[in-house]
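A short worksheet on the structure shown next.
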Amino acid sequence: MADAFEPTNILVTGGCGFVGSNFVRWVAKNHPETHLTVIDKLTYAGDPKNIGDLPKSQVELVVGDICEADLLDRVVAGHDAIVHFAAESHNGNSILDPDPFVRTNVIGTYRLLQAARKYDVRYHHVSTDEVYGDLDFDEPRRFEPDDPYRPSSPYSSTKASSDLLVRAWARTYGVRATISNCSNNYGPYQHVEKFIPRQITNILCGLRPKLYGTGENVRDWIHVEDHSRAVWDILVRGRIGQTYLVGANGERANIDVMRAILRLMGQPEDGFDWVEDRPGHDRRYAIDPSKLESELGWKPDHTNFIEGLRQTIAWYEKNESWWRPAKAATEERYARQGR
Ligand code: NAD
Ligand code: DAU
């Protein structure tokens with residue numbers, strides 16, 4: 001039987017980023033009785049506009065760094081839950097400079113766990129399927145919660161480290177923690193450095209989309225709103241100390257996603273460039289979400305990927321003022337890497 005929990009005042013870290021802001025908007029809409037405090041450093045990936053239209057009485061923004069223990073001491077007390085999204089999230093950046101990844105993803109999580117422990121606050125940790133490494137293309141199995149950790153990149157190894165801290169703090173200090181490991185999200189407000197927004201905005205800018213390596217790599221796509229709802233379900237009904245995998249049976253090879261974007265945007269299907277592969281590039285991710293489905297009754301709402309992609313393209317077409325400021329610098333960074 002799942003533990004019942006009704007949060008009234010949640011501290012959301014990284015609530016100005018892609019997934020965190022979706023969670024904040026989702027909770028504000030679906031649970032208007034819940035107050036949310038967002039703590040966000042506003043790195044290149046955080047934009048207060050992502051939650052700017054929500055009522056100030058319901059959502060408060062504290063600009064700050066989760067690595068600062070004094071700040072957490074002031075902010076955490078009085079909340080009944082922490083939902084931790086804040087991270088350096090991009091594999092490509094972690095290869096160029098792992099430093100902020102170790103700092104934010106490992107030290108930041110450690111500081112939050114210490115604060116959750118000190119103030120006895122329920123803690124949910126948002127993580128990634130990449131902690132499990134990768135699968136062969138023809139391997140029948142998918143990732144399961146108790147699989148061994150085998151991260152490949154600086155990003156995924158820092159996320160794996162943070163998960164292990166959570167497991168230890170739950171067992172040793174009794175922190176009331178849960179962990180979710182989710183597959184690749186897509187949807188509105190995703191930074192233009194990531195695969196799907198990069199290709200959409202390249203086409204909108206008259207640039208050619210870029211496909212790494214052979215394009216065979218498989219990602220398991222889930223709409224960001226389905227991820228947000230899963231995080232809520234785990235927060236309120238998940239069993240303390242447990243790990244839940246979040247995925248929507250959305251495995252697709254990158255080349256197929258690329259061709260779908262080109263088709264939906266009226267471009268020829270070969271209208272992209274093959275570019276140098278990412279070092280250490282994971283081959284395939286695949287999530288078995290059956291624990292989340294059977295224990296908590298979660299199911300994805302967005303089951304038609306092509307329709308979700310069509311809506312995501314329409315969002316980027318309509319919201320050029322949101323993504324335009326980051327586009328040139330992002331492409332310059334990629335050009336320097338030959339990608
Ligand atoms: P993102 O890069 O879009 O957003 C990260 C947010 O964290 C930004 O608002 C940034 O300003 C903030 N932040 C970074 N360092 C901080 C610090 N030191 N203190 C306070 N705030 C800080 O990332 P995202 O894609 O939204 O991912 C959010 C979380 O979800 C991450 O933990 C990531 O590992 C996890 N996740 C993401 C996906 C995905 O496909 N995007 C899939 C699975 C899990
Ligand atoms: O699996 C969950 C993870 O998904 C999250 O933990 C990460 O935060 C998130 O960034 C994402 O990681 P990926 O490395 O899979 O995402 P990215 O969007 O960078 O790349 C997706 C795939 O597309 C990957 O196989 C690399 C490829 N790619 C990426 C870019 C930016 C290209 O072929 N061309 C590109 O231009």
Side-chain angles (χ1 to χ4, degrees), residues 12-23 38-48 50-51 62-68 71-72 83-95 100-101 103-105 107-109 111-112 125-132 134 143 151-153 155-156 158-159 162-163 180-187 189-199 202 209-222 224 227 231 246-247 252-255 257-258 272-278 281-287 330-331 334 337 339:
V12 180
T13 74
C16 293
F18 166 50
V19 189
S21 69
N22 188 276
F23 178 78
V38 169
I39 179 166
D40 198 301
K41 189 180 174 183
L42 303 182
T43 67
Y44 78 97
D47 186 341
N50 297 358
I51 53 169
V62 176
V63 177
D65 187 337
I66 55 162
C67 298
E68 288 177 12
L71 173 67
L72 295 184
V83 181
H84 177 32
F85 292 93
E88 287 292 336
S89 70
H90 192 43
N91 273 299
N93 294 345
S94 80
I95 296 165
F101 288 76
R103 186 177 182 279
T104 288
N105 300 0
I107 305 295
T109 299
R111 300 265 187 251
L112 276 170
H125 186 72
V126 179
S127 192
T128 171
D129 58 356
E130 297 190 13
V131 299
Y132 297 112
D134 61 357
F143 296 140
S152 321
S153 73
Y155 162 68
S156 55
T158 59
K159 291 297 293 188
S162 70
D163 292 12
S180 54
N181 298 82
C182 187
S183 58
N184 285 63
N185 288 215
Y186 73 98
Y189 296 99
Q190 188 169 26
H191 195 276
V192 291
E193 69 193 356
K194 303 295 194 318
F195 179 58
I196 288 178
R198 184 182 185 203
Q199 315 315 333
N202 270 14
K210 310 286 182 206
L211 190 64
Y212 292 176
T214 62
E216 290 168 303
N217 305 62
V218 171
R219 295 296 181 263
D220 189 352
W221 294 99
I222 179 172
V224 62
H227 185 187
V231 168
V246 186
R252 280 168 192 264
N254 291 341
I255 187 154
V257 177
M258 176 68 91
F272 65 88
D273 292 336
W274 301 94
V275 295
E276 201 180 323
D277 208 355
R278 176 190 279 171
H281 196 175
D282 280 339
R283 285 159 298 182
R284 171 176 160 241
Y285 305 140
I287 289 268
T330 303
E331 285 308 311
Y334 275 127
Q337 301 164 60
R339 283 182 201 99

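We count ligands from 1, going down the list as the structure has it; atoms in each ligand are counted the same way.
Distances from atom 14 (O) of ligand 2 to the heavy atoms of Arg278, Arg283, Lys194 put Arg278 nearest. Between Asp129, Val218, Asn185, Ile222, it is Asp129 that holds the heavy atom closest to atom 2 (C) of ligand 2.
Using a 4.0 Å heavy-atom cutoff, Lys159 is absent from the residues neighbouring ligand 2. The shortest separation from a heavy atom of Ser183 to ligand 2 is under 4.0 Å, placing the residue in contact.
When non-hydrogen atoms are compared, ligand 2 lies under 4.0 Å from neither the backbone nor the side chain of Pro209. Under 4.0 Å from ligand 2, the heavy atoms of Asn254 that appear belong solely to its side chain. The part of Gln199 lying near ligand 2 is the side chain, judged by heavy-atom distances below 4.0 Å.
When the ring-ring contact (aromatic ring centres under 6.0 Å, His included) test is applied to His191, the partners found at least two apart in sequence or on another chain are Tyr44.
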Distance dump, ligand 1 polar atoms to protein, N/O, under 3.5 Å:
from     : atom 1 : to     : atom 2 : distance (Å)
ligand 1 : 2 (O)  : Ser89  : OG     : 2.7
ligand 1 : 3 (O)  : Phe18  : N      : 3.1
ligand 1 : 9 (O)  : Gly17  : N      : 3.0
ligand 1 : 9 (O)  : Asp40  : OD1    : 3.3
ligand 1 : 9 (O)  : Asp40  : OD2    : 2.6
ligand 1 : 11 (O) : Asp40  : OD1    : 2.6
ligand 1 : 11 (O) : Leu42  : N      : 3.4
ligand 1 : 11 (O) : Thr43  : N      : 3.0
ligand 1 : 11 (O) : Thr43  : OG1    : 3.1
ligand 1 : 18 (N) : Asp65  : OD1    : 3.0
ligand 1 : 18 (N) : Thr104 : OG1    : 3.0
ligand 1 : 19 (N) : Ile66  : N      : 3.1
ligand 1 : 21 (N) : Lys41  : N      : 3.0
ligand 1 : 23 (O) : Ser89  : OG     : 3.2
ligand 1 : 26 (O) : Phe18  : N      : 3.3
ligand 1 : 26 (O) : Val19  : N      : 2.7
ligand 1 : 32 (O) : Phe85  : O      : 2.9
ligand 1 : 32 (O) : Lys159 : NZ     : 2.6
ligand 1 : 34 (O) : Tyr155 : OH     : 2.6
ligand 1 : 34 (O) : Lys159 : NZ     : 3.1
ligand 1 : 40 (O) : Asn185 : N      : 2.9

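For Phe143 and Tyr132, the gap between ring centers is short of 6.0 Å.
Figure legend: Arg219 and Tyr285 shown as a cation-pi pair, the cationic atom lying under 6.0 angstrom from the six-membered ring centre and within 45 degrees of its axis.
The distance from ligand 2 to the heavy atoms of Glu193 drops below 4.0 Å at these ligand atoms: 31 (C).
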